[in-house]
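Everything below concerns the one structure shown next.
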2 protein chains.
Amino acid sequence: MNRAHNAPPLSLNTVTVKERWGLAQCIEGCARQGIPGISPWRDVLHAMGVEAAARHIRDAGLTVTGLCRGGMFPAADATGHAAAIEDNRRAIAEAAALGAQCLVMVCGGLPPGSKDLPGARAMVRDGLEAILPEARAAGVTLALEPLHPMTCADRSVLSTLGQALDLCDALGEGVGVAVDVYHVWWDPDLAAQMARAKGRIAAFHACDWLVPTTDLVFDRGMPGDGVIDIAALRRMAEAAGYAGFTEVELLSRRWWGEDPEEVLRIIRERHAATH
Amino acid sequence: MNRAHNAPPLSLNTVTVKERWGLAQCIEGCARQGIPGISPWRDVLHAMGVEAAARHIRDAGLTVTGLCRGGMFPAADATGHAAAIEDNRRAIAEAAALGAQCLVMVCGGLPPGSKDLPGARAMVRDGLEAILPEARAAGVTLALEPLHPMTCADRSVLSTLGQALDLCDALGEGVGVAVDVYHVWWDPDLAAQMARAKGRIAAFHACDWLVPTTDLVFDRGMPGDGVIDIAALRRMAEAAGYAGFTEVELLSRRWWGEDPEEVLRIIRERHAATH
């Protein structure tokens, strides 16, 4: 299927080339390759400086489709939980300074040594409630990103789109969801939950599930190299009212080893071919 | 928590020591260690011979808590699908010959090269419908085992307990679920679905989720070494009417390297400590 003429606008998540390019190089690379969107991680943002980054991105005419990432609320003690909330407040300010379409929330796993999953989920909800007033005041949408269940222990106790939408229902205005096909493609309840997400999809991320997958974190595939029907998932998002960017976010030792310019070129090709 | 006096009966899944022990050694090991249940995989069963195995297990006084495994229905073509169904018919006959409490069904992933997840799910349902008359006639319960979503592409498009129970509802008599804590512990809908499973839990499997997990298939943890609240999940199963064995099933390169006699001894200890 080649529907390049219909492909939605493309955004580059900076983690995709993180081993070789800082944020300035990502911005310049997107401009060279005709990629109209960018989504920085906070490490490269801090390395460049928030003000300089905002100016540079604006000058390049790029849309900031998200800032990665807030969240990571569960902590072993109250001090840790409070520190997480403070860090999220800084992330909200940074997202506002960039004019980011959302702050992507990776909510966090179990605190070290804990088996208390309901407790960790409660800490996520408490943390989101604590930062929501600042987010609303800054006009920054908190995009709750359900992460693949294989990350439940150490990265995200928020595991399904349905669970994310339940949180949206509970929290109200200012909260949406980030749908990454890698995290949700397997879900038997996906079609129903995508329909339920109508008007609440703040970001749409793409990469692919490789067979075999050799690492639980760093073996994501280039769109088209795996088994996810990305076009079908994008159609579900569009049917739910999402008309924004598709952001390509690869955490991949294999692609980190390649020339970033070539990685961006391949992403453009695959983006056209898988949409 | 040490509640050894309350621990449910223990069963050994033979895959746990598969690198060093055949079925005869597993049977003798269980008898020596006072483990009252056993659940063979079909490879070691075939190596010993079904009749000999049935007699040997009966003589040792062990309960066969399950036969692993039927399923693997999705196929690239009709010939492959038909072959899978034939193999499942043989598995049903073997489970009946052993007097197994259930035939554990690992339903299968996407056919090679396919991205059609709804299509694979339909093949699973068609396959189950095809073999259900034989299973009912033989008195063999088909225990649908939802597998962790990280296995969706290559092992099981049946990913959640809710999805398994939907299939039970559709298929009717003779079908139940196998609950493996490793596969379901992360599920935000688990408590509700365990309650819904009342009267339909045919098997309860235990191992643990390690942090970090270094392999998607062969890095399961010994009960107590990971983050799963096994006792809490067992209580949910008991509240849903399950009073049977806890079967320990480890697929682990680390434990496959150890002396099986010692592995069985540690399993007994950990079983007492985690229930």
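Small disclaimer: the values here were computed from a predicted structure and weren't measured. Every chain is numbered from 1 and lettered A, B, ... according to where its sequence line falls, protein lines coming before strand lines. Quick note: numbers below take in every heavy atom, side chains included, and nothing from hydrogens, waters or symmetry partners.
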So which N and O atoms of chain A and chain B form donor-acceptor pairs under 3.5 Å?
from: A:R121; atom 1: NH2; to: B:W186; atom 2: O; distance (Å): 3.0
from: A:W186; atom 1: O; to: B:R121; atom 2: NH2; distance (Å): 3.0

Next item on the list: Check side chain to side chain contact (heavy atoms under 4.5 Å, CB included) between A:P112 and all other residues, then give those that pass, not counting sequence neighbours.
Entry: none
Checklist line | Part of B:L216 within contact of chain A (heavy atom distance under 4.5 Å) | finding: both
